[in-house]
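Keep in mind that the numbers below use all heavy atoms, side chains included, and drop hydrogens, waters and symmetry copies. Lettering of chains follows the sequences in order, A, B, ..., and the numbering in each one begins at 1.
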Amino acid sequence: MQPVKYQRATTVAEAVRLLQEGGEYARPLAGGTDVIVQARERRREIDYFVDIKHIPELMHVRHDANGVTIGAAVPCYLIYGDAEIVKTWPALADATHVIGGTAIQGRASLGGNLCNSSPAADSIPAMIALGAVAHIVGPKGERDVPVAEFCTSPGRNVLGVGEFVTAIRFAKPEPGSGAAWQRFIPRNEMDIAVVNAGVYLRLDRNTVRDARVAIGAVAPTPLVVPEAAQALVGKALSDQTIAAAGDAAKAAARPIDDMRGSVKQRRHLSKVLTERMIRRAAERARGQG
Amino acid sequence: MVSTEQPKQYRVIGSRPIRHDGVDKVTGRAEYGADVRHEGMLFGAVLRSPHAHARIKRIDASKAEALPGVKAVVTSADFPGAEEGDLDLGEGRANPRWLLDNLLASDKALYHGHAVAAVAATDQHTAEDALALIQVDYEVLPAVIDVREAMLDTAPILHPELRTAIRARGVEKPADKPTNLASHLRLEKGDLDKGFAEADVIIEREYETAMFHQGYIEPQNATAFWNRDGEVTVWTSTQGAFSVREQVATICQVPVTRVKVVPMEIGGGFGGKIGIYLEPVAALLSRKSGRPVKLWMTREAVFQATGPTSATYSRVKIGAKRDGTITAAHAYLAYEAGAYPGSPVGAGAQCAFAPYNIPNQVVDGLDVVVNGPKTAAYRAPGAPAAEYAVEAVLNELAEQLEMDPMELRLKNASKEGTTNAAGQPWPRIGAVEVMEAVKNHPHYTSELTGEDVGRGVAMGFWFNGGMESSSSATVNADGKVSLILGSTDIGGTRASLAMQLAETLGITSDDVKPHVVDTDSVGFTAVTGGSRTTFAGGWAAYELGVQIRDRMRERAARIWETAVDKVEYRDDGTIAGPDGKQLSFQELAGKLSATGGMIAVSATVRMNTPGPAYAGHIVDVKVDRDTGKVEILRYTAVQDVGTAIHPSYVEGQIQGGVAQGIGMALTEEYFYDDEGRLRNASFLDYRMPVANDLPMIETVLVEVPNPGHPYGVRGVGEVPIVPPQPAIQQAVYDAIGVRFYKTPMSPRVILEELLPE
């Protein structure tokens, strides 16, 4: 590990200034469960850590009448430990509950998982399904980017020099809606997704009025699959429509062969997980999940 | 617990006291290799080959040596050289020349991660930075990583001087030309052709197993100080301090007496911490720098460069009569040795048919070098792959014969007097007792219901080791006894050895205080391996106890002014004389100093009656056809444990072995790319099962005491890793009707088999 500079910011403005001064190889530090390991193993060039955990709003979960704003550095355990989140956005609890292990969940954050921009990130398809929006602050001011549009390639995203994510916003789900997320791993924990899938549905009786489907670990970025959503919207939820959505997810997947999974396996799992999550999201929409 | 013979009544043996080293371990006070700190200590790092096979044309370390903070750089050229030979490591052997070449590559790097150079610097980061400044010119060569490909005429050759050693009757000596086939051994009994001619049913199948790593939590580490007076001290995590001493002395060409090895607490070994990787390198860096040098491995290096077990290819053919009598069996076993000869194929060959009485049998064992890390012992080295193939064929045979699989095994079970593959008669063994306990177990007799669920069963065998152990003990004035041990404690042996001394003396486990000491402080003791420590160390502890009893009787006789034969040492530790005179152990201990001095005794034993171990496992699984994932629903492990000294640790050993065997069956494997680079050198991607991947593993302890031990001890640690692969293979077949001939049966493998093309 190269020597690195470390600076603790206590306000958003200070963090922006420090990151801008630090330049290309400066990184915000929240839980550090990705960036510290990457720096040690020289997998990412980093010469400057700006610690953002001590900026109060980055560590807050703020509920309001229209939804919830989760500070980018809030650790996972505070997310799945928040009764309102578990009740209203259970898909978020699905994902944060399995990232790393218990010790990792004490530090790892949604902001970190998003900015690490791994194709296999656990929380991103869940956030996409929930229509989450990342709030970004930087030298040129503030902007909002839907999580669905945040990642650009493995390990890369829309953030420019000096920019960082301060919070992620989740709007309150519409009545009759439900969402769910799951990953497939060969073990039951402490593993990285072979494929993962997040699904959001809004039902009117048994007719799908709105849907979002996102799958992970099957493309250079977490993938939104509008074709899967189209296979559902306006139709009655049935084995047939669910299978059609699963087939659409399978068709959209363009995975690679590696030690974690094969192309054939990942394409098939895209279908299986999408279908399973449609069923679970529907159960939740009906208040049964 | 199932006791099969009239059990002896013990006071301490069979109880479950808190282990002596427990408090230090749970409070973090126990000192491991990572805790070693010395004044002026340097930190080392090792440069490793990025290629699976490459000629090393030149190493230029001048820039690294010039980096501020760097105190020494070593390459293979700094070693004094080594001669051809044969070092006995306890569980496995090593040719010093190959051992040296594995420590630091000389003319060729033979696997991805092969050590090429090492640096010592004032801090870890500087040492790692220096590695990047060492320039190595490689000429990349084609690599071969598969055992069968390595035997082809067209295969790249690892060692141009290697010729096949034939240890088999009737095997033709190959032409005198370079080869990767290091040796071919054959075990023969009876007349194979005649046996197959008598068979009504013959089944022949091929199997492959992946390369598996021991997966100990603590990486290899070593700190060495080469003093100016020529004394070398090594602090390390090892299964055998004396084995490290021998290897360091040989490689560094220092007399053995000038090397002192201090074994630190060990965070797991499973056979992987018998051979050495760092100690002589740290010693050489210390000699060059004049300061203590500490080396430790990253997890990546552990996976790349320390001994996994062999990947294997095998072909097994078994013939039986309609009534289930096995008439003949042939096993062909080809094991990858890694970059240097020495796979455990010999042990695998001897284990293959050991549970069964087969009159006509041949086992061929091939040891083949490939561009992978040199394999090392791993829990019953060589046995799991060989017995997996045999047990899987037996399960198919039972199906064809429409026989209960345990019935088939019972019909052919080895018993006392049955001759094994080496032509030796078995001593008293518990194969039949284990098979019957499996067959009668409520798990086996229960009905299994549900969709895509299945049950499998398999047996396992392991020899167990005897070898040499030394120990000493002193009786203290407070009535407690200090027990000095040369065996490093991996699986609770401080407790199991202290308990056997306590039993012999009629005192409590807590009255004995065990210490594991360095090589200057106890007599020669072989490795903690081969499931031998509780057996051989226990025998030494028993002998210490007998000596102490005699000395205590003598002392009491002197105090009471009577003849020694009038003094009795009772099982409860009371020393009784004539006229109702008696002293407790503690009372007499308090009088020792004033009546002639304290009592100190020592013992060295070398016993060759370790008592072979048999295991039988039952497993229920559920297969998810949509994902290929196998869930273990229920697991029962039955084992002949001789006498369970501390039943909790026996159960823990069994459960640990099963957990590792389940990993082999379902998720673990080395994953190499086409260039022979290891792609999954981490616990994230080398998928060992974790706690929530496993059900509670039920254990059944069958006790058939080993007549070759004063307390009936048989080794227990290794055999439980043997049955899981074939048992789970059968269970998966029972669940979904597909037999897999390759482990691991990972979700990918199962799913791709079930999916249409």
Residue, of B:D685, B:N680, B:T667, that accumulates the most heavy atom pairs under 4.5 Å with chain A: B:D685
Check: B:I662 and B:V658 side chains under 4.5 Å, non-hydrogen atoms: yes
Side chain to side chain donor-acceptor pair (under 3.5 Å) assessment of A:Q38 paired with A:R44: CA-CA 5 Å; A:Q38 289 162 355; A:R44 220 190 254 275; 2.8 Å; yes
Atom group of A:I192 that falls short of 4.5 Å from chain B, counting heavy atoms: both
B:Q725-B:T743 side chain donor-acceptor pair, cut-off 3.5 Å: yes
Distance flag, aromatic centroids of B:F303 and B:Y686, threshold under 6.0 Å: yes
Positions in residues 92-117 of chain A that reach chain B, provided some heavy atom is under 4.5 Å away: none
Results of salt bridge (charged side-chain N to carboxylate O under 4.0 Å, His left out) for B:D674 - residues two or more places apart only: none
Side chain, backbone, both or neither of B:Y670 within contact of chain A (heavy atoms, under 4.5 Å): neither
Top contributor to chain B contacts, counting heavy-atom pairs under 4.5 Å, from A:M190, A:E189, A:H268: A:H268
Region of B:L751 that comes under 4.5 Å of a non-hydrogen atom in chain A: side chain
Top contributor to chain A interface from B:E752, B:E300, B:Q124 [non-hydrogen pairs under 4.5 Å]: B:E752
With A:D247 via salt bridge (charged side-chain N to carboxylate O under 4.0 Å, His left out) - residues at least two apart: A:K271
Listed once per pair and sorted, the side chain to side chain donor-acceptor pair (under 3.5 Å) pairs that draw on residues 624-635 of chain B, sequence neighbours left out: A:N188-B:K629, A:R276-B:D624, B:D452-B:R625, B:H617-B:Y635, B:D624-B:T627
Beyond-backbone contact of B:P308 with B:P373, side-chain heavy atoms, under 4.5 angstrom: yes
Heavy-atom side-chain contact between B:I736 and B:I750 under 4.5 Å: yes
Step-by-step salt bridge (charged side-chain N to carboxylate O under 4.0 Å, His left out) determination, A:D47 to A:R27: CA-CA 8 Å; A:D47 61 9; A:R27 298 283 294 190; over 6 Å; no
B:F683, part contacting chain A, at a heavy-atom distance under 4.5 Å: backbone
Max heavy-atom pair count under 4.5 Å with chain B, selected residue of A:I185, A:D191, A:V272: A:D191
